[in-house]
Structures are given as structure tokens and as C-alpha cells.
Student: 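Pasting in a structure now, in C-alpha cells, and then I'll have a few things to ask.
No hydrogens, no waters, no symmetry mates; every other heavy atom, side chains included, goes into these values. Reminder, nothing fancy here: chain letters follow the sequence lines and each chain counts from 1.
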There are 2 protein chains.
Amino acid sequence: MKQNTRHTYEFPRPALATDCVIFGFDGGELKLLLTEREKEPFRNKWALPGGFVFIEETTEACAKRILFEKAGVKHVFIEQLYTFSEPDRDPRERIVSVAYFALVNKHQYDVIAGRDTLKAEWFEISNLPKLAFDHGKMVKMAIQRLKGKVSYQPIGFELLDEKFTLSQLQTLYEAILGNPIDKRNFRKKILGMGLLTELNEKEKNVARKAARYYSFNNKAYKELTQKGFHFEL
Amino acid sequence: MKQNTRHTYEFPRPALATDCVIFGFDGGELKLLLTEREKEPFRNKWALPGGFVFIEETTEACAKRILFEKAGVKHVFIEQLYTFSEPDRDPRERIVSVAYFALVNKHQYDVIAGRDTLKAEWFEISNLPKLAFDHGKMVKMAIQRLKGKVSYQPIGFELLDEKFTLSQLQTLYEAILGNPIDKRNFRKKILGMGLLTELNEKEKNVARKAARYYSFNNKAYKELTQKGFHFEL
DNA sequence: TCTTATTAGTGTATTTTTTACACTTTGACA
DNA sequence: TGTCAAAGTGTAAAAAATACACTAATAAGA
């Protein structure tokens with residue numbers, strides 16, 4: 001350590017960055033928000049929004065900052081995904097990246113995004129462009145994680161509006177899990193959990209029977225969880 | 001980037017390290033392998049084995065190296081757990097740590113460890129000493145992860161000998177999940193999966209009916225998995 | 001205002017899975 | 001040869017998951 005007491009070791013350090021896989025949903029297929037790279041390498045290619053970690057911020061704080069700066073996304077569900085550390089994953093130099101995934105209410109986002117000049121676009125998950133760096137790997141892992149998690153944690157609601165119909169919820173689950181679900185069994189199960197608040201409000205201006213709105217009751221969820229309840233769909 | 005083409009950014013970088021939560025089992029309670037710190041900070045305190053990441057190795061390679069250098073453990077199951085990045089998690093300076101968890105066959109390990117002079121010791125999970133840094137958090141998370149994973153991935157076998165009795169397997173699951181399991185139902189389920197090879201060998205020198213040995217059939221597991229089979233216990 | 005199109009909303013019977021439960025067998029040792 | 005300790009084994013009941021089809025409501029268009 002010699003004259004330097006600030007550093008615990010002298011050999012070269014990898015740079016540290018975060019990248020974000022951002023999921024959105026608007027009724028059809030599951031979507032990802034990608035940004036176009038402005039600089040080399042991979043200039044003009046699509047990539048996950050990402051950036052370097054400042055010396056005084058956690059990687060999660062960094063991911064949230066990047067989410068806002070590069071994608072215009074704020075106040076959303078975010079969770080650490082995996083840390084990618086292949087020495088050659090970035091052609092410039094050694095960069096270790098802590099990947100996060102975020103669940104965004106697309107409607108809300110689109111309002112914000114309209115005001116910005118960010119080069120960010122939604123892509124259907126089944127129709128993604130080739131991505132820069134190892135971002136393809138990150139996306140693959142994020143989809144897998146979302147699929148796995150959505151069945152035993154009520155995180156799907158993050159992708160919907162505050163109020164939603166049971167059909168919207170079902171469509172979302174079908175989009176994530178990739179298989180059709182029986183309507184009656186789905187409703188029976190989800191309502192049986194007691195996590196949804198039935199609202200006194202229905203859809204308007206639909207050319208069919210209007211569906212009732214529900215909202216996710218987070219308070220009930222936490223209380224039940226404390227009593228040993230396990231969400232499972 | 002100007003004159004500097006080697007570095008993608010100039011501001012100070014966190015140091016990068018890995019720490020390993022090492023699980024072992026010998027029939028009673030689940031155990032953790034801890035090492036005594038030789039240097040400050042936390043000199044003479046118990047901690048997870050850990051160390052800095054070299055510039056040309058992945059974090060996983062680093063974890064495996066540390067596992068061997070500091071705990072004498074080689075060729076074991078290892079999986080990335082989580083990346084810890086609180087700016088003050090290390091009193092020396094900013095160090096981001098990618099935590100891993102490892103599953104070790106304790107019998108095999110004890111043979112190796114006997115030859116070494118490492119200050120490493122097994123502690124029962126219910127009786128851990130206070131740990132250095134944020135290692136307590138890491139351990140907590142690792143236990144949670146192991147609990148969650150053991151039911152839908154056949155990783156428990158990593159903790160047992162190549163051949164094991166069904167009672168040993170059951171005792172292991174009981175130790176991890178923390179609740180008793182019905183013997184007949186357990187056997188029915190695990191044998192029904194077709195993942196265990198029945199060996200023509202029984203326990204010796206036991207003062208009771210000798211139990212049959214089984215081994216985990218990894219080939220069968222992979223084949224079944226490809227056909228859409230999902231392990232679940 | 002009547003018809004059409006479209007999705008909301010609902011219950012039951014069957015199958016599958018999970019759970020609860022107790023006695024006989026085996027082998028070492030005293 | 002009796003005792004002790006854990007191995008090994010099946011069935012019935014309960015719970016959960018699945019399969020399945022019609023009526024209700026509303027807007028749009030004839």
C-alpha cells in the first residue's frame with residue numbers, strides 16, 4: 001500500500017456500470033424499452049440504457065438515475081438482475097455491469113416520454129433488434145426472471161394502470177407466461193386471494209359489456225404475507 | 001475520450017471484490033464455513049472468505065479462486081447471489097462486492113481441510129458469530145435463496161455424498177426448509193420423479209436395518225428437463 | 001328501435017395432487 | 001434370542017387444479 005492509504009489494492013480496477021432491462025405492457029405483447037447508442041462502440045445500434053456508477057452511489061441508485069436520464073423513466077419497480085463480468089464484454093476496456101430490470105406502466109411513461117427528445121423506443125419482445133454488447137444475454141435472463149417471478153410474487157401489477165380489469169390482468173399473465181389461461185379458473189384464483197379491491201367503476205365507451213375495475217390492495221398483501229400467506233398464480 | 005483511449009470514464013472507480021457464502025451439511029443442522037480475518041478492519045473477526053477481482057478474471061472465476069485460496073474448497077457448486085454496493089459497506093474505501101454462494105460436500109471438504117493451516121471453521125446456521133462488514137446480510141440472503149431454490153432445483157444433492165440414503169436426503173431438506181416432512185410422502189414424490197438411481201449397496205455397520213444407497217442421476221435430469229419436466233419438491 | 005358483434009361474467013363435475021396416518025422388516029448388539 | 005432403532009411400505013380422505021358453455025351488457029350500425 002505504500003504512500004497510498006486510500007486504496008485497498010493497487011492493481012487495475014474494472015469500471016463499474018449498470019444496465020436496465022425495462023418492461024412495459026399495453027395489452028398486446030410484452031415490450032422492452034431500448035435506446036439508440038449515440039457513441040461508439042455500437043453507435044446507432046439499439047441497447048439497454050446504461051451508464052457508469054458514481055463513487056458515492058449504490059448500483060441501484062445508479063440504475064434509477066440512468067433510468068431517468070436515458071429513458072425518461074421515474075418511480076418504478078426495479079430489481080437487481082445479475083452482474084455480468086466477462087472481461088471482453090465491452091470492446092473498450094474491462095467493464096463489469098450490474099444489470100437491473102424495471103417494470104413500467106407504459107401509459108404513464110408515454111405521457112412523460114412525449115415531452116422528451118430521448119431516442120428510446122418500445123420493441124415487442126418477440127421482435128427485438130440485435131442488441132449491443134452482451135445486452136441480448138441480459139434481456140434473455142430478465143425475461144426468464146420475470147416469467148419465474150410473476151407466478152409467486154405480485155409484481156405484474158406494476159405493469160398495469162392503478163385500476164385494471166380482470167381481463168387486462170389475465171392478458172398480461174398470458175403475455176408473460178406465454179400460454180393461454182382459463183378465464184373462470186383465473187378469476188376464481190385471483191379473487192380468492194383477497195388481494196384485489198373491487199372498485200365501483202366500470203369501463204366507459206366500449207362496444208360491449210363494460211368490465212369492472214379492480215385495484216391491487218398492497219396493504220392486504222403485506223398483512224397476509226406476515227401471516228404466512230404465499231402469493232401463487 | 002480525447003487522448004485517453006484506455007478508459008471509458010475518469011472519475012474514481014469502486015474496488016470490486018467477491019465474497020462467498022459456503023454451505024455444508026453433515027446430517028444435523030445446516031452449516032456455514034467462515035474464515036477468521038487476519039488483517040484490519042475486523043481483525044480476528046469471523047467473515048465470509050472474500051477478495052478482490054483481478055482485471056482479467058470474471059467475478060465467478062474470482063469467487064472460485066477465493067474459495068480455494070481462503071477456504072480450501074475446490075470443484076463445487078457455485079452461483080451468483082447478489083451484488084452489494086452500499087458506499088460505506090467497507091470502512092476502508094468504496095468496495096462493491098459480488099456475493100456468491102457455494103454448496104460443499106462437507107465430508108470431502110474435511111479431508112482436504114485437514115491438510116491446510118487455514119483459519120476456517122464450520123458454524124451452525126442457528127449459531128453464527130457476529131460477522132464482519134455486511135456479511136450478515138449476505139448470509140441472510142443466501143439462506144433465503146437456498147430455501148427458495150432447493151424446492152424447484154435439485155441442488156440439495158451437492159451437499160451430500162455421491163451416494164446417500166433417502167433418510168439423509170430427507171433430513172437435509174428438513175434442515176434447509178426448517179420443517180418436518182412426512183417420510184412416506186417424501187419418498188413417494190422423490191422416487192416418482194425418476195431422478196434417483198437405486199444402487200445395489202446398503203449402509204454397513206449400523207445398529208439397525210441398513211438403508212439402501214441412491215445416487216442422483218444427472219443425465220436423467222437433463223433429459224427430463226429438455227422434455228419440459230420441472231423438478232418440484 | 002332492432003339486430004349484430006363483442007367481451008364480461010358466472011358454477012359445477014372430474015381429475016389430479018396433496019395430505020394424513022401405522023405397522024412390519026432388518027440387522028447389530030447385549 | 002430379545003431388544004432397540006431406523007428402514008421400508010399403501011391407502012383413504014381432503015384439497016387443488018382442470019375442463020368446460022352459456023347468459024348479460026353495451027355500442028354500433030342497419
Student: Testing H107(A), Q168(A), K106(A) for side chain to side chain donor-acceptor pair (under 3.5 Å) with D26(A), which one passes?
Tutor: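 Testing each of H107(A), Q168(A), K106(A) against D26(A), the sole residue satisfying side chain to side chain donor-acceptor pair (under 3.5 Å) is K106(A).
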Student: For DNA chain C, which residues of residues 163-185 of chain B approach it to below 4.0 angstrom with any heavy atom?
Tutor: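 Of all residues in residues 163-185 of chain B, the ones placing a heavy atom under 4.0 Å from DNA chain C are D182(B), R184(B), N185(B).
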Student: Side chain of K189(A), base of dT18(D): donor and acceptor closer than 3.5 Å?
Tutor: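 No.
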Student: Are any of the side-chain nitrogens in R187(A) or D182(A) under 4.0 Å away from the carboxylate oxygens of its partner?
Tutor: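 Looking at R187(A) and D182(A), the cut-off is not met.
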Student: Could you state the CG-C1' distance from L191(B) to dT9(D), rounded to the nearest angstrom?
Tutor: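 For the pair L191(B) CG and dT9(D) C1', the rounded distance is 11 Å.
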Student: Counting C-beta onward and ignoring hydrogens, is there a side-chain heavy-atom pair between Y173(A) and I181(A) closer than 4.5 Å?
Tutor: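 Yes; the side chains approach each other to less than 4.5 Å.
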Student: Along DNA chain C, 5' to 3', what are the outermost nucleotides having an atom less than 4.0 Å from a heavy atom of chain A?
Tutor: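 The contacted stretch runs from dT6(C) to dT12(C).
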Student: Which atoms form the tightest heavy-atom contact between G194(A) and L224(A), and what is the distance?
Tutor: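 Closest approach of G194(A) to L224(A): O-CD1, 4.4 Å.
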Student: How about CD on E29(A), more than 12 heavy atoms from neighbouring residues, nucleotides or ligands closer than 6.0 Å, or not?
Tutor: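 Buried by this count: over 12 neighbours within 6.0 Å.
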Student: What do you reckon, is NZ of K149(B) surrounded by more than 12 foreign heavy atoms closer than 6.0 Å?
Tutor: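 Count over threshold, so yes.
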Student: Within the structure shown, what part of the strands sits under 4.0 Å from R187(B) by heavy-atom distance: base, sugar-phosphate, or nothing?
Tutor: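 Base contact.
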Student: What is the distance, rounded to the nearest whole Å, between atom CD of E232(B) and atom C1' of dA17(D)?
Tutor: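 The distance from CD of E232(B) to C1' of dA17(D) comes to 13 Å, rounded to the nearest Å.
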Student: Output yes when a side-chain donor or acceptor of H135(A) lies under 3.5 Å from a complementary backbone atom of A47(A), and no otherwise.
Tutor: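 Not at all, since once roles are kept as given, no pair shorter than 3.5 Å links the two residues.
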Student: Between F186(A) (CZ) and dA16(D) (P), how many Å, whole number?
Tutor: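 Result: 19 Å.
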Student: Might you confirm whether atom CD of E174(A) has over 12 heavy atoms from other residues, nucleotides or ligands at distances under 6.0 Å?
Tutor: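 Count over threshold, so yes.
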Student: Determine whether the aromatic ring centres of residues F157(B) and F164(B) are separated by less than 6.0 angstrom.
Tutor: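 Distance test on ring centres: under 6.0 Å, yes.
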Student: Output yes when E36(A) and K45(A) qualify as a salt bridge under the 4.0 Å nitrogen-oxygen rule, no when they do not.
Tutor: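 No.
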Student: By a strict heavy-atom criterion of less than 4.0 Å, which residues belonging to residues 200-210 of chain B are in contact with DNA chain D?
Tutor: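 Nucleic-acid contacts, sorted: R208(B), K209(B), A210(B).
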Student: Using a strict cut-off of less than 4.0 Å between a Lys/Arg side-chain nitrogen and an Asp/Glu carboxylate oxygen, indicate whether K64(B) and E60(B) qualify as a salt bridge.
Tutor: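 So K64(B) pairs with E60(B) through a salt bridge.
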Student: Would you kindly give the CE-to-C1' distance between M193(A) and dA17(D), to the nearest whole Å?
Tutor: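 Roughly 13 Å, once rounded to whole Å.
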